[in-house]
Protein chains: 2
Amino acid sequence: MTLGFREDGFLDRTDWRILALLQKDARITYRELGHAVGLSAPAVAERIRKLEDRGVIRGYRVDIDWKNVGLPVEAFIRLTTPREASRRVSAQLQQIQEIMGCWRVAGPDSFILRVGVSSMEHLEWLIDRLARFGQSVTSIVLSTTFAERLVETLPMDWKTHSPSHEPS
Amino acid sequence: MTLGFREDGFLDRTDWRILALLQKDARITYRELGHAVGLSAPAVAERIRKLEDRGVIRGYRVDIDWKNVGLPVEAFIRLTTPREASRRVSAQLQQIQEIMGCWRVAGPDSFILRVGVSSMEHLEWLIDRLARFGQSVTSIVLSTTFAERLVETLPMDWKTHSPSHEPS
DNA sequence: ATTGAAAGTAAGGTCTA
DNA sequence: TAGACCTTACTTTCAAT
């Protein structure tokens, strides 16, 4: 049975299969993609074009292992700044090359930063550099369980089963 | 003139230019890439193959805007678990679809999670589900300054200028 | 379905250690 | 001379009208 056109109001089952394959390998050809989902290459290309137009697909990125390019130390830094400074701080944080990701968050912290550095000495330098924006707390990454989950469909079962029913 | 063979002991200038272009668009053709860096397509393909073999390039991923696919709420959750439980917890966290990224960190926190959910109610459910692993602190993302920096070369100037010399 | 573009393969040239 | 790196030419596969 087919089932599942617009299951979630947005993407049908074929769209999700295409997205799953593109998450694994964004350089896959339309032909292979079509073969995998049972469509012609032009049909797949058209679907992908629509996903791009709708803003679902933002682009395609190479996945670089920074620890193999001289940035072996990774950390999260949460930064607390004076509330009124956040716009200015945000602009300045963008100038700092070591910051790989930067999010403004609600709560006592102002920003969460994901950083990549070449050494502990380098990290120390970075923390000192951030000091003038406010207080920071650094958590050095010991290991990455996963940095990017493969999402094959929306999590939809959460309403049906209660957390307390799960096995320990 | 060429210049820059193994400037940093790892990648030469051409490798970095290729990586920069692949970060912007991982589906760019070898021909375009070659044109941009002044090489033939097979030469570029060969360089990329070597970067893959060396583990610098891990793969190619589609960049999906999850807020356009039914996951409008993003948050970071730091989770503190009993030390001895971390291996078991790590395995169980992988089963939770809502967790988009999961890192084991040093310090008082055990894990940092990046999650994507469909609603505040969904987030509440997730937090409850995480409760049995230990204590959690949730920071809801207000805005993303940037989630993935374009890295065009290694940050190498950090040793030369002191943080205190920067403009305010 | 046809046609141009891209990828993959093979053969050969240059430079350097 | 061996190897790293490049080029051109050719064949096969892919994308798009």
Side-chain angles (χ1 to χ4, degrees), chain A residues 5 10-72 148 150 152, chain B residues 1-65 68-69 150-154 156:
Chain A
F5 289 2
F10 294 99
L11 308 181
D12 68 16
R13 213 156 121 269
T14 302
D15 286 331
W16 276 110
R17 292 175 70 195
I18 290 170
L19 286 178
L21 290 162
L22 286 173
Q23 285 173 76
K24 290 179 203 163
D25 175 16
R27 285 185 68 89
I28 188 173
T29 64
Y30 295 152
R31 189 173 178 277
E32 278 184 277
L33 228 27
H35 180 77
V37 304
L39 289 178
S40 68
V44 168
E46 177 63 8
R47 273 174 181 267
I48 289 178
R49 198 190 55 71
K50 283 180 185 165
L51 289 169
E52 290 167 348
D53 289 348
R54 290 164 62 188
V56 171
I57 293 178
R58 206 151 28 190
Y60 308 89
R61 320 281 166 222
V62 65
D63 177 7
I64 296 174
D65 192 346
W66 297 110
K67 76 174 183 314
N68 288 341
V69 200
L71 297 173
E148 214 82 50
L150 170 62
E152 314 221 41
Chain B
M1 57 129 199
T2 329
L3 205 152
F5 293 177
R6 307 286 105 102
E7 279 173 1
D8 46 59
F10 294 100
L11 307 181
D12 68 15
R13 214 158 118 271
T14 302
D15 287 330
W16 276 110
R17 291 174 69 195
I18 290 170
L19 287 178
L21 291 163
L22 286 173
Q23 286 173 76
K24 290 179 202 162
D25 175 16
R27 285 184 69 88
I28 187 174
T29 64
Y30 295 153
R31 188 171 179 276
E32 278 184 277
L33 229 25
H35 180 76
V37 304
L39 287 178
S40 66
V44 168
E46 178 65 7
R47 274 175 180 267
I48 288 178
R49 198 191 54 72
K50 282 179 185 166
L51 290 169
E52 290 167 349
D53 289 349
R54 291 164 63 187
V56 171
I57 292 178
R58 210 154 23 193
Y60 308 89
R61 319 281 167 224
V62 64
D63 178 6
I64 296 174
D65 192 346
N68 288 341
V69 201
L150 169 62
V151 179
E152 314 221 40
T153 183
L154 277 188
M156 279 176 307

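Below, chains carry the letters A, B, ... as their sequence lines are ordered, and counting in each starts from 1.
Put simply, the side chain of B:Ile48 reaches to within 4.5 Å of the side chain of B:Leu22, judged on heavy atoms. Within the 4.5 Å cutoff, side-chain heavy atoms of B:Leu19 are placed close to those of B:Val56.
The two residues B:Asn68 and A:Phe10 have their closest heavy-atom pair at O-CD2, 4.1 Å.
Atom CD in B:Glu32 sits about 7 Å away from atom P in C:dA6, given to the nearest Å. The distance from atom CG of A:Leu33 to atom P of D:dA16 is 13 Å, rounded to the nearest whole Å. Rounded to an integer number of Å, the gap from CD1 of B:Ile18 to C1' of D:dC6 is 13 Å. We find that CD of B:Glu52 is positioned 13 Å from P of C:dA7, with the value rounded to whole Å. Whole-Å rounding puts the A:Ile28 CD1 to D:dA15 P distance at 10 Å. Protein atom OH of B:Tyr60 is 11 Å distant from nucleotide atom P of C:dA7, rounded to whole Å. Whole-Å rounding puts the B:Ile48 CD1 to D:dC5 C1' distance at 15 Å. Put simply, OH on B:Tyr30 is 14 Å from C1' on D:dT13, counting in whole angstrom units.
The side chain of B:Ser40 contributes no N or O atom lying less than 4.0 Å from OP1 or OP2 of D:dC6. One finds no side-chain N or O of B:Arg47 lying less than 4.0 angstrom from the OP1 or OP2 phosphate oxygen of D:dA4. A sub-4.0 Å separation between OP1 or OP2 of D:dA4 and a side-chain N or O of B:Lys50 is absent. Taking only side-chain nitrogens and oxygens, A:Arg27 comes nearer than 4.0 Å to OP1 or OP2 of C:dA7.
Between the side chains of A:Tyr60 and A:Glu52, at least one donor N or O lies within less than 3.5 Å of an accepting N or O.
If you check D:dC6, C:dA6, D:dA15 against the side chain of B:Arg31, the one that comes closest is C:dA6. When distances are taken from the side chain of B:Thr29 to each of C:dA6, D:dC6, D:dT8, the shortest belongs to C:dA6.
The pair A:Asp25-A:Arg27 fails the salt-bridge criterion, with no side-chain N (NZ, NE, NH1 or NH2) lying under 4.0 Å from an Asp/Glu carboxylate O.
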